[in-house]
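The chains referred to below are lettered A, B, ... by the order of the sequence lines, with proteins before strands, and numbering in each begins at 1. The structure displayed is predicted, hence computed values, not measured ones.
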Protein chains: 2
Amino acid sequence: MSQARPRDPAEPGSGSARGIPEATVARLPVYLRALTALTERGIATASSEDLAVTAGVNSAKLRKDLSYLGSYGTRGVGYDVAYLRYQIAREIGLTQEWPVVIVGIGNLGEALANYAGFSSRGFRIVALVDADSDRVGETLGTLRIRPLEDLQDLITEHQVSIGVITTPAGSAQSVADRLVAAGVTSILNFAPTVISVPSGVDVRKVDLSIELQILAFHEQRKAGHAGALDAADVESA
Amino acid sequence: MSQARPRDPAEPGSGSARGIPEATVARLPVYLRALTALTERGIATASSEDLAVTAGVNSAKLRKDLSYLGSYGTRGVGYDVAYLRYQIAREIGLTQEWPVVIVGIGNLGEALANYAGFSSRGFRIVALVDADSDRVGETLGTLRIRPLEDLQDLITEHQVSIGVITTPAGSAQSVADRLVAAGVTSILNFAPTVISVPSGVDVRKVDLSIELQILAFHEQRKAGHAGALDAADVESA
DNA sequence: TAGATTGTTAATCGATTAACAATC
DNA sequence: TAGATTGTTAATCGATTAACAATC
């Protein structure tokens with residue numbers, strides 16, 4: 001466990017010690033975005049309360065989260081926005097550029113390929129791959145769509161460690177297998193299916209219809225909604 | 001708190017009692033999908049272990065989650081796939097159809113408008129809205145893109161309670177305000193910004209670049225990755 | 001010094017999990 | 001009855017939060 005004594009940001013390894021809670025890791029990008037927003041507003045120093053409001057979290061949680069990285073604030077003053085922003089970017093690994101491959105160039109894959117928010121945050125899409133021979137050869141932005149057979153070579157050539165799957169559910173597992181075999185160790189899966197990977201490979205899943213279903217669950221329980229009556233009918237039947 | 005005595009699924013209200021944990025709610029759609037997959041494989045009965053493997057969770061967790069809904073299994077046997085599937089669908093609110101409006105028809109909005117996964121799960125996109133007068137009037141599938149001024153009327157006409165925001169960050173808050181003013185009480189926000197809404201309105205956020213950043217954080221910490229060296233360099237500097 | 005705000009503690013809350021009595 | 005598997009308990013773990021001593 002970590003010692004109670006104050007940590008010095010200059011002490012090598014102090015801030016990057018293992019054991020940053022997953023919940024904290026998931027919020028670091030949110031803080032990064034909030035700091036960017038403050039920078040754009042010309043704000044150089046911000047209190048944990050300012051930052052928390054911008055990020056949409058509670059300030060005690062924010063201070064606790066930041067404390068896992070080190071002591072980057074000044075008591076009585078707050079945080080230097082530019083400095084904290086750099087420290088968080090470094091912690092996440094955004095001081096380097098991450099080459100990314102997208103497999104499955106349907107509507108969603110195409111939208112991601114064109115999404116400016118990736119490149120502006122340290123990710124560079126270096127290859128687009130599709131199994132459909134009709135789409136192969138087509139150019140999207142500056143990239144030509146490549147066949148699945150080229151996947152291994154593309155990953156090796158660009159030293160890709162992060163892959164994005166935007167194929168239909170049926171192809172997702174075999175694509176994941178190929179990505180892993182080629183050396184990819186992080187996968188962002190948009191296909192509506194569970195994929196299995198060896199330990200050591202991280203998978204995150206984004207599921208658009210699941211998000212809507214969670215909203216529907218709560219919506220159904222709100223008073224005044226027509227659905228609430230329907231549900232009661234089913235129940236007493 | 002819930003009583004320790006066994007609950008009867010036939011008892012009105014038993015399964016739908018408030019207090020289903022959020023973490024459980026978020027997994028119900030995953031179980032629903034797993035049950036659908038089992039149905040497609042022609043499997044009529046499944047144990048919690050079968051279901052858990054298909055859904056990618058641990059079976060103790062799955063049984064605990066299902067216990068919040070009621071007692072839908074049979075000891076020594078397992079769960080009837082079709083029956084459990086119906087019960088979960090009912091619990092989520094998918095026995096009715098949910099009309100949805102999408103605001104912001106860029107690459108992502110267009111991809112969502114064409115996404116078959118929504119309609120097959122009880123959501124129907126009833127309106128596409130964009131602020132750009134160049135896109136207004138264009139037809140996507142069976143829907144014509146409508147101007148922002150029509151938003152209120154569309155929501156009233158179709159009794160929409162769920163809205164999807166796929167605008168740039170800068171427009172998201174004003175769109176959210178208009179959605180709420182028009183009566184929407186659930187929002188799925190794809191814009192890379194925090195939006196504020198009155199209490200009683202649910203917002204879920206999907207942030208594509210945040211998912212990639214979380215992967216990058218872990219990737220950076222994996223041995224053998226070039227980035228690991230870079231980070232160490234920065235740190236000791 | 002007085003005021004402000006961090007970083008940390010400790011209490012609380014919620015989620016996960018193994019284990020097993022209940023029961024089909 | 002014997003075997004299988006649920007539904008529930010209770011222990012554990014992790015996350016959140018209020019409060020405040022430390023300190024700028």
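Here D/dG14 sits opposite C/dC13 as a Watson-Crick or G-U wobble pair (both hydrogen-bonding atom distances under 3.5 Å). Shown here, D/dA22 forms a base pair with C/dT5; the pair counts as Watson-Crick or G-U wobble because both key distances fall under 3.5 Å.
Listed for the A/R221 side chain is a donor-acceptor partner under 3.5 Å among the backbone atoms of A/F217. Judged by distance alone, with hydrogens and angles left aside, the side-chain atoms of B/K205 form a donor-acceptor pair with the main-chain N or O of B/A191 at under 3.5 Å.
For B/Q220 against A/W98, the heavy-atom pair with the smallest separation is N-CH2, 3.8 Å. When all heavy atoms of B/I210 and A/A26 are compared, the pair lying nearest together is CG2-O, 4.3 Å. For B/A176 against B/I195, the heavy-atom pair with the smallest separation is CB-CD1, 3.8 Å. Closest non-hydrogen pair, A/S209 versus B/G117, comes out as CB-O, 3.9 Å.
Looking at B/S47 and B/D50, their side chains do bring a donor and an acceptor atom within 3.5 Å of each other.
Side-chain contact between B/Q87 and B/R90 is present, with at least one heavy-atom pair separated by less than 4.5 Å.
When rounded to the nearest whole Å, the span between CG of B/N58 and C1' of C/dT16 equals 8 Å. To the nearest angstrom, P of D/dG7 lies 10 Å from CG of B/L69. Atom OH of A/Y31 and atom P of C/dT6 are 13 Å apart (whole Å). B/Y72 has its OH atom 17 Å from the P atom of C/dC24, to the nearest Å. Separating the OH atom of A/Y68 from the P atom of C/dT8 is a distance of 11 Å, rounded to the nearest angstrom. Rounded to whole angstrom, the span from the CG atom of B/D80 across to the C1' atom of C/dC24 amounts to 15 Å. In this structure, A/D65 atom CG and D/dT17 atom C1' are separated by 12 Å, rounded to whole Å. One atom, CG of B/L66, and another, C1' of D/dT8, lie 13 Å apart when rounded to the nearest Å.
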Pairs under 3.5 angstrom, nitrogen or oxygen only, protein versus nucleotides 20-22 of chain C, please.
{"residue": "C/dA22", "atom": "N3", "partner": "B/R75", "partner atom": "NH1", "Å": "2.8"}

Write out a two-atom table: protein N or O, nucleotide N or O from nucleotides 10-15 of chain D, distance below 3.5 Å.
none

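The side chain to side chain contact (heavy atoms under 4.5 Å, CB included) test with A/R27 singles out one residue from A/L66, A/L62, A/V57, and that residue is A/V57.
Candidate nucleotides D/dT6, C/dT6, D/dT17 were compared by shortest atom distance to the side chain of A/S47, and C/dT6 ranks first.
Taking for each of A/G76 and B/G78 the nucleotide of DNA chain D with the nearest heavy atom, the 5'-most of the two is the partner of B/G78.
Not one side-chain nitrogen or oxygen of A/S48 sits closer than 4.0 Å to the OP1 or OP2 atom of C/dT5. In terms of phosphate contacts, A/Y79 brings no side-chain nitrogen or oxygen within less than 4.0 Å of OP1 or OP2 of D/dC24.
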